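Starting from 1, each residue takes its place in the sequence as its number. FYI, side chains are in, hydrogens and waters are out, and symmetry mates aren't considered; it's all heavy atoms of this structure. Predicted, not measured: the structure shown is a model, and the values here were computed from it.
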Amino acid sequence: MIPWVHLDSAKTGDGVQELRLKRRGSEFSIMLGTNELMNSRLSGSEQALAKLSCQRIAGHRQPRILIGGLGMGFTLRAALAELGKDTGIIVAELVPAVVAWARGPMAEVFGGCLDDPRVAIHETDVGQLIRSGSATWDAILLDVDNGPEGIVHKGNDALYSLAGLGAARTALKPGGVLAVWSQGPDSGFTRRLKQAGFAVEEVNTRANGKRGARHVIWIATNDSREGA
């Protein structure tokens, strides 16, 4: 059995907890304490987050996409594969070390996607970008923390509050999509999405194709003709 090797550590956005990057052969893992946040072998549900979102906005011209959380780049790469040359994708990542890992020890995993001319990386809180404009985005994809019930950074809770969801709806163009990844179901979050004015679809998916842990993706559509 090949042992895990610790490569680097970094503080979370609140400066309280610590992320650890580990490697075993060609496999990478990002840990928070004893919790594995992501693994380079398990990408199915993160890819589904992008594919489901892009399918919903397939008819949009020159779509602008906001991705919250870089992770291991699975969602970003899947979005790039789905969308054309006229797309603009901004990825918001709160922890600068995660971006450094993507360009350094995990560069092979990312496969050069950070250098795609359609992509821009912002080392900032995705919530700030959401609140910075109205009717700006065709899709907002949130793969932040473990979903609405986060464990990494309590500041992420604001994204999933009723006020945060209202801000996301304001930031979306008419017909735009808010897609949210979660480690598991959350009926309270589904209710908040509906209270915020979204048309909601809840999709169950697997961590690795037809196998692995069951994850949940919410596809919430801004049906407002006013771009509320």
Side-chain angles (χ1 to χ4, degrees), residues 2 4-10 12-13 19-32 36-58 60-126 128-130 136-145 152 177 179-181 205-209 212 215 217:
I2 302 173
W4 284 103
V5 176
H6 176 265
L7 299 180
D8 197 15
S9 299
T12 55
L19 298 175
R20 292 179 291 121
L21 176 64
K22 299 167 62 178
R23 180 172 189 166
R24 181 173 63 185
S26 60
E27 178 184 0
F28 290 89
S29 174
I30 296 179
M31 304 285 295
L32 179 77
E36 183 175 62
L37 299 181
M38 59 201 77
N39 185 291
S40 59
R41 294 188 299 106
L42 305 174
S43 61
S45 58
E46 288 86 352
Q47 291 172 345
L49 177 68
K51 290 179 180 179
L52 290 168
S53 304
C54 294
Q55 288 169 2
R56 302 308 193 279
I57 62 167
H60 293 213
R61 295 182 58 199
Q62 297 181 324
R64 295 194 68 207
I65 314 297
L66 174 61
I67 298 177
L70 176 60
M72 292 186 174
F74 299 129
T75 299
L76 172 59
R77 292 199 300 282
L80 288 170
E82 292 285 326
L83 298 169
K85 295 180 180 179
D86 62 348
T87 304
I89 301 178
I90 289 180
V91 181
E93 174 53 56
L94 189 59
V95 181
V98 173
V99 180
W101 296 343
R103 296 191 182 280
M106 289 198 296
E108 186 174 337
V109 174
F110 278 78
C113 68
L114 299 187
D115 299 318
D116 190 298
R118 295 173 288 175
V119 176
I121 306 295
H122 290 211
E123 295 181 2
T124 188
D125 180 356
V126 67
Q128 292 183 0
L129 294 180
I130 289 173
T136 301
W137 308 102
D138 294 271
I140 299 172
L141 283 56
L142 296 181
D143 185 4
V144 177
D145 211 315
V152 177
V177 168
V180 179
W181 181 96
T205 186
R206 292 278 198 169
N208 194 23
H215 297 152
I217 296 170

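To the nearest 0.5 Å, the span separating CD1 on Ile67 from CD1 on Ile90 amounts to 10.5 Å. From Gln55, atom CD reaches atom CD of Glu82 across 6.0 Å, with rounding to the nearest 0.5 Å. For the atom pair Ile217 CD1 and Glu46 CD, the distance stands at 8.0 Å (nearest 0.5 Å). Distance CE/Met72 to CG/Leu21: 6.5 Å, rounded to 0.5 Å. Here Trp101 contributes atom CH2 and Leu7 contributes atom CG; the two are 9.0 Å apart, rounded to the nearest 0.5 Å. Once rounded to the nearest 0.5 Å, the distance linking CG of Leu114 with CG of Leu76 reads 6.5 Å.
Counting heavy atoms from C-beta on, the side chains of Ile65 and Ile57 come closer than 4.5 Å. Two residues are said to be in side-chain contact when any heavy atoms from C-beta on lie closer than 4.5 Å; His60 and Val177 fail this criterion.
Across Asp125 and Leu94, no two heavy atoms sit closer than the pair N-CD1, 3.7 Å. Across all their heavy atoms, Ser26 and Ser40 have their closest contact at O-OG, 4.1 Å. The two residues Val99 and Glu93 make their nearest non-hydrogen contact at CG2-CG, 3.8 Å. Of all heavy-atom pairs between Asn39 and Ser29, the closest is ND2-CB, 4.2 Å. Closest approach of Ala50 to Thr75, counting heavy atoms only: CB-O, 3.4 Å. Shown here for Leu70 and Phe110, the closest heavy-atom pair between the two residues is CD1-CE2, 3.7 Å.
Comment: Asp115 engages Arg103 in a salt bridge, judged by a side-chain N to carboxylate O separation of less than 4.0 angstrom.
Proximity of a side-chain donor or acceptor of His6 to a complementary backbone N or O of Asp8 within less than 3.5 Å is detected. Using a distance-only test at 3.5 Å, with no hydrogens or angles considered, no donor-acceptor pair links the side chain of Arg61 to the main chain of Asp86. Formation of a donor-acceptor pair under 3.5 Å by the Asp138 side chain with backbone atoms of Arg64 is found in this model.
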| Stepwise, does the side-chain contact (heavy atoms from CB on, under 4.5 Å) test hold for Phe74 with Asp143? | CA-CA 10 Å; Phe74 299 129; Asp143 185 4; over 6 Å; no

| said: Could you go through Glu27 and Trp4, starting from their C-alpha distance and side-chain angles, then the distance that decides it, and tell me whether this counts as side-chain contact (heavy atoms from CB on, under 4.5 Å)? | reply: CA-CA 9 Å; Glu27 178 184 0; Trp4 284 103; 3.6 Å; yes

| task | Please step through side-chain contact (heavy atoms from CB on, under 4.5 Å) for the pair Glu36 and Met31, ending with a clear verdict. | result | CA-CA 4 Å; Glu36 183 175 62; Met31 304 285 295; 3.6 Å; yes

| message | Let's go through Arg77 and Val109 carefully: what are the C-alpha distance in whole Å and the side-chain angles of both, what is the deciding distance for side-chain contact (heavy atoms from CB on, under 4.5 Å) to 0.1 Å, and is it a yes or a no? | response | CA-CA 10 Å; Arg77 292 199 300 282; Val109 174; 4.2 Å; yes

